[in-house]
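Atoms within a ligand are numbered from 1 in the order they appear, just like the ligands themselves.
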Amino acid sequence: MRVVAEARTNIALVKYWGKRDEALNLPAVGSISLTLDGLATRTEVTWDEKASRDRFFLGDVEQAGRPLARVQKFLDLVRERGGRAGHAIVRSSNNFPTAAGLASSASAFAALAVAATRSAGLELDPTSLSELARRGSGSAARSIFGGLVEMKRGERADGSDAVAAPLGQWDLRLVVGITGEGAKATLSTEGMRHTAETSPYYPAWLEQHPADLDAARAAIERRDLAALGEVAERSCLRMHASALAARPGIIYWSGPTVDAFHMIRALRADGVGVWFTNDAGPHVKALCSPADAPRVERTLATVAGVVRTISCAPGAPASLIEVER
Ligand code: 2P0
């Protein structure tokens with residue numbers, strides 16, 4: 001069976017940073033994110049009982065090495081769940097530049113979870129898909145759902161409660177400022193491990209995190225953008241503070257990243273409801289209302305080093321696009 005699925009990327013407003021179990025990819029903390037419209041991965045999976053190995057194409061380019069190994073490991077999980085015993089051909093494409101370093105593993109593993117299970121003849125509910133997607137990448141568990149999403153840290157050793165769930169729809173905007181295509185940053189997985197092992201601020205990060213999750217959940221319930229924005233900025237800065245204090249410190253920001261933070265705060269001082277967040281790379285994301293998004297986008301574009309802006313509305317859940325027997 002040939003199946004095509006699509007999933008959108010997401011940006012965390014309350015960050016995930018650190019793992020409680022590396023083998024099962026269990027997060028040390030929960031997280032809250034917004035799935036974004038417009039930044040999507042489309043993935044086609046076809047199982048072939050006669051093939052001798054899995055193959056993975058990104059765009060038109062066949063992948064080898066680490067990207068292929070990650071996909072093969074994920075397909076092993078589908079095979080373990082009783083899906084087809086053969087091998088798969090996976091063809092994936094992003095509608096945004098992969099090299100730009102936007103969170104592509106979230107949309108990639110969410111789309112792969114949906115396409116690979118269905119084409120193997122398995123019918124998983126969204127919660128089970130979220131648990132499976134998490135094994136590929138922690139943030140992918142969130143991209144199974146649309147709009148605002150909460151990923152649970154979970155308590156169980158087997159990870160069955162480390163899954164995401166939707167928190168509802170709220171028409172927000174995240175304006176992404178792409179700050180050039182600089183050198184490849186420390187990968188998230190390595191950055192998290194290094195922070196947990198060497199940063200004296202990592203225990204403090206873990207300790208204060210549940211309060212940020214509570215505050216964000218309450219802000220979302222009240223549809224209080226200022227309260228949500230404040231938590232988002234704080235959670236971003238606290239995550240980076242823990243990484244900066246590692247030995248050696250991890251600096252994900254470039255000059256334009258910091259300039260954009262100041263620009264966003266200046267805009268806020270001017271009365272615009274806008275708050276920044278940033279992930280394991282130099283790009284900046286600004287949270288605001290739909291009405292303020294054009295002004296935020298125009299202002300962000302004036303920061304020297306911001307080469308492109310993309311204004312994203314909340315995106316839909318991961319979904320099947322084509323099923324062909
Ligand atoms: C997040 N990040 O909550 C955080 C904030 C980056 C910074 O989730 O190791 O690629 O594959 O589970 O999901 C990026 O980390 O990490 C991420 P793995 P992932 O969005």
Side-chain angles (χ1 to χ4, degrees), residues 7-36 39 41 66-67 69-71 73-74 77 94 98 101-113 130-145 148-154 159 162-164 167 174 176 184-197 199 202 205-206 209 212-213 216 231-244 246 250-253 257 276-285 287 312 315:
R8 288 135 207 90
T9 194
N10 71 77
I11 298 296
L13 301 175
V14 180
K15 302 297 185 190
Y16 148 50
W17 198 248
K19 299 179 197 286
R20 65 183 171 94
D21 180 305
E22 287 225 3
L24 292 174
N25 203 28
L26 302 178
V29 292
S31 52
I32 291 179
S33 61
L34 185 67
T35 297
L36 302 185
L39 302 177
T41 301
R66 194 182 160 124
R70 256 183 111 175
V71 167
K73 218 174 125 195
F74 192 83
L77 299 173
N94 295 319
T98 310
L102 287 165
S104 59
S105 68
S107 51
F109 281 102
L112 182 60
S130 177
E131 186 185 350
L132 177 64
R134 187 203 72 229
R135 299 287 297 273
S137 197
S139 52
R142 303 186 305 235
S143 274
I144 295 295
F145 299 98
L148 287 157
V149 175
E150 177 166 7
M151 172 73 192
K152 294 286 185 194
R153 172 194 187 274
V163 293
L167 287 179
L174 259 184
V176 180
K184 192 130 187 93
T186 310
L187 293 170
S188 299
T189 308
E190 270 95 62
M192 289 181 202
R193 186 187 301 131
H194 181 65
T195 302
E197 285 172 357
S199 175
Y202 183 68
W205 159 254
L206 296 181
H209 195 278
D212 283 349
L213 280 174
V231 188
E233 263 195 30
R234 170 162 100 222
S235 179
C236 162
L237 291 173
R238 286 172 171 179
M239 175 199 115
H240 284 282
S242 73
L244 286 163
I250 308 167
I251 308 172
Y252 284 113
W253 301 336
T257 314
F276 64 77
T277 189
N278 155 267
D279 295 287
H283 310 307
V284 175
K285 294 98 182 187
L287 177 72
C312 300

Closest approach of any protein heavy atom to [atom], naming residue and atom:
| atom | result |
| --- | --- |
| atom 2 (N) of ligand 1 | Tyr16 O, 4.0 Å |
| atom 10 (O) of ligand 1 | Ser137 OG, 3.0 Å |
| atom 16 (O) of ligand 1 | Met192 CE, 3.7 Å |
| atom 5 (C) of ligand 1 | Asp279 OD1, 3.4 Å |
| atom 20 (O) of ligand 1 | Arg142 NH2, 2.8 Å |

Can you tell me which portion of [X] lies within the under-4.0 Å heavy-atom range of ligand 1? Options are side chain, backbone, both, or neither.
| X | result |
| --- | --- |
| Ser188 | side chain |
| Arg70 | side chain |
| Lys19 | side chain |
| Ser105 | side chain |
| Arg193 | neither |
| Asn25 | side chain |

Let me see the working for Asp212 and Lys15 under salt bridge (charged side-chain N to carboxylate O under 4.0 Å, His left out), right down to the final yes or no.
CA-CA 9 Å; Asp212 283 349; Lys15 302 297 185 190; over 6 Å; no
Hey, is the main chain of Ala246 close enough, under 3.5 Å, to the side chain of Tyr202 for a donor-acceptor pair?
no
Side-chain (Ser242) to main-chain (Met239) donor-acceptor, under 3.5 angstrom:
yes
Nearest 0.5 Å, please: how far is CD1 in Ile32 from CG in Leu213?
5.0 Å
Mind checking the OG-CG spacing from Ser137 to Asn25? Nearest 0.5 Å is all I need.
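Reported to 0.5 Å precision, the distance equals 7.0 Å.
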Specify whether Phe74 and Phe109 have parallel, tilted or perpendicular ring planes, treating 30° as the upper limit for parallel and 60° as the lower limit for perpendicular.
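Ring orientation, 0 to 90° scale: tilted.
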Where Tyr252 and Gly191 come nearest, the two heavy atoms and their spacing
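So the two residues come closest at OH-CA, 3.7 Å.
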Go through the structure and list residues passing side chain to side chain donor-acceptor pair (under 3.5 Å) with Trp17, not counting sequence neighbours.
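Listed in chain order: Thr195.
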Residues pairing under salt bridge (charged side-chain N to carboxylate O under 4.0 Å, His left out) where one sits in residues 186-197, two or more places apart or in two chains, turn out to be Glu22-Arg193, Arg66-Glu190
Judging by distance only, is a nitrogen or oxygen of [X] under 3.5 angstrom from one on ligand 1?
| X | result |
| --- | --- |
| Lys15 | no |
| Gly138 | yes |
| Ser31 | no |

Checking side-chain contact (heavy atoms from CB on, under 4.5 Å) for the pair Asn10/Val149: CA distance, chi angles, key distance, verdict?
CA-CA 9 Å; Asn10 71 77; Val149 175; over 6 Å; no
So, 4.0 Å and heavy atoms of Met239: is ligand 1 close enough to count as a contact?
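Yes, Met239 has a heavy atom closer than 4.0 Å to ligand 1.
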Close-contact set for ligand 1 against Ala12 heavy atoms, below 4.0 Å
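Listed by number with element, the hits are 1 (C), 3 (O), 20 (O).
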